[in-house]
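Would you mind keeping the following structure in view while I ask a few things?
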There are 2 protein chains.
Amino acid sequence: MGPDSIIRSLGALAQEHRLAAFRLLVQAGPEGMAAGALADALGIPASSLSFHLAQLSHAGLVSQRRVSRSIIYAADYAAMNGLLSYLTENCCAGGSCAPAATAERMAS
Amino acid sequence: MGPDSIIRSLGALAQEHRLAAFRLLVQAGPEGMAAGALADALGIPASSLSFHLAQLSHAGLVSQRRVSRSIIYAADYAAMNGLLSYLTENCCAGGSCAPAATAERMAS
DNA sequence: TCCATGATTCGATGATTATAGAAATATCGA
DNA sequence: TCGATATTTCTATAATCATCGAATCATGGA
């Protein structure tokens, strides 16, 4: 996971609607959510959402599969893992800013 | 740390020169680095770097202090911690994509 | 085949971001 | 005070990004 891919991922999440969409997909779990359901939940036009989903997809943060007429999007946990790993290893002075929440979860 | 601040932080890091600058600052440690030294290391004009540092600063990811004629920038580990915490808690389905690297570091 | 549905692509527009030289500001030493 | 140094602010320009209606594409049912 090179800096280029990291920058694409960061850029993909650095936008109100895309961050919200990704959070919804994470909540939705591996089942994912149809594009239409996402557009409804976010209250934005389908064509706008499609633009944003394309960026998340290009960054590798979401996967998509067609089920009948719907296209179902799902968060890619491995990609998110890669992003967090990069940030932790390269932007954190040897873990000195590893989130406490993660530490706690790891300990339990 | 609300979504607004998170988006600013993500956007601040989602750029080649800014990500590189932030990584250098993390490597530099709490002592930080002068703006000029950063510009040299990155090979970009001072005015361009100043623009980028302003964004990192606005996002709260770096602090600055004047020492004689130089302005020394330093990474803000607490802010980075906040960003990682948010991503882990809101974009990670209950820690299912917590980076292994963090887990290992926590265990040692 | 024809129509309705779910979604993407196209196209135009406005907004934001990146770049970098020139000018301005702040500090220090002579 | 004057000049040199370190940095930022100003200004203009180019490039990228966001929005959304209209047109298009894919699928399934009558």
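Chain naming here is simple, since letters A, B, ... match the order of the sequence lines and numbering starts at 1 in each.
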Over how many whole Å does the gap from A:Glu16 atom CD to D:dA18 atom C1' extend?
->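 Roughly 11 Å, once rounded to whole Å.
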For A:Pro30 and A:Ala74, which heavy atoms make the closest approach, and how far apart are they?
->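 Heavy atoms of A:Pro30 and A:Ala74 come nearest at O-CB, 3.9 Å.
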Side chains of A:Ser48 and A:His17 in contact at under 4.5 Å (non-hydrogen atoms) =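 Result no, sub-4.5 Å side-chain heavy-atom pair not found.
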Find the distance between CG (A:Asp4) and OG (A:Ser9) and round it off to the nearest 0.5 Å.
->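 Between atom CG of A:Asp4 and atom OG of A:Ser9 there are 10.5 Å.
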How far apart are the closest heavy atoms of B:Leu19 and B:Leu13, and which atoms are they?
->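 Smallest interatomic distance, heavy atoms only, reads CB-O, 3.5 Å.
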When you list every nucleotide of DNA chain C with an atom under 4.0 Å from a heavy atom of chain A, which one comes first 5' to 3', and which comes last?
->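 Footprint of chain A along DNA chain C, 5' to 3': C:dA4 to C:dT9.
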Pick base, sugar-phosphate or nothing for A:Ser70, based on heavy-atom distances below 4.0 Å to the nucleic acid.
->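 It contacts sugar-phosphate atoms only.
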Between D:dC17 atom P and B:Gln15 atom CD, what is the distance in whole Å?
->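 Answer to the nearest Å: 11 Å.
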Length of the CG-P vector between A:Leu49 and D:dG21, whole Å |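 Rounding to the nearest Å, CG of A:Leu49 and P of D:dG21 are 14 Å apart.
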With a 4.0 Å heavy-atom cut-off, tell me which residues in residues 32-39 of chain B come close to DNA chain C, sorted by residue number.
->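 Nucleic-acid contacts, sorted: none.
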What are the two closest heavy atoms between B:Tyr77 and B:Gly29, and how far apart are they?
->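 Heavy-atom minimum between the residues: OH-CA, 3.4 Å.
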What pair of heavy atoms forms the shortest contact from A:Ala46 to A:Ala39, and how long is it?
->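 Smallest interatomic distance, heavy atoms only, reads CA-CB, 4.5 Å.
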For B:Ile7 and D:dC17, what is the distance between atoms CD1 and C1' respectively, to the nearest whole Å?
->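 In whole Å, D:dC17 C1' lies 15 Å from B:Ile7 CD1.
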What closest approach, in Å, do A:Cys91 and B:Met80 show between heavy atoms, and which atom pair accounts for it?
->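 Result for this residue pair: O-CG, 3.5 Å.
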Calculate the interatomic distance between A:Ile44 atom CD1 and D:dT19 atom P; express it in whole Å.
->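 Distance, rounded to whole Å: 7 Å.
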Going by heavy atoms in the side chains, are B:Leu83 and B:Leu10 under 4.5 Å from each other?
->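 Sidechains of B:Leu10 and B:Leu83: in contact.
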A:Thr88 (side chain) donor-acceptor with A:Leu84 (main chain) under 3.5 angstrom =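 Present.
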Distance, rounded to the nearest Å, where A:Leu10 contributes CG and D:dC17 contributes P |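 Taking atom P of D:dC17 as the reference, CG of A:Leu10 is at 14 Å.
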For DNA chain C, the residues among residues 52-69 of chain B that have a non-hydrogen atom under 4.0 Å from it =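 When residues 52-69 of chain B is checked for heavy atoms under 4.0 Å from DNA chain C, the hits, listed by number, are B:His52, B:Gln55, B:Arg66, B:Ser68, B:Arg69.
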Starting at CZ of A:Arg18 and ending at C1' of D:dT19, how long is that distance when rounded to a whole Å?
->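 Atom-to-atom, A:Arg18 to D:dT19, this comes out as 12 Å.
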Closest non-hydrogen atom pair between A:Leu25 and A:Tyr73, with its separation |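 Heavy atoms only, the tightest pair is CD2-O, 3.3 Å.
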If only atom types and distance count, is the side chain of A:Arg18 paired as donor or acceptor with the main-chain N or O of A:Ala12 below 3.5 Å?
->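 Yes, because the side chain of A:Arg18 sits within donor-acceptor range (under 3.5 Å) of the backbone of A:Ala12.
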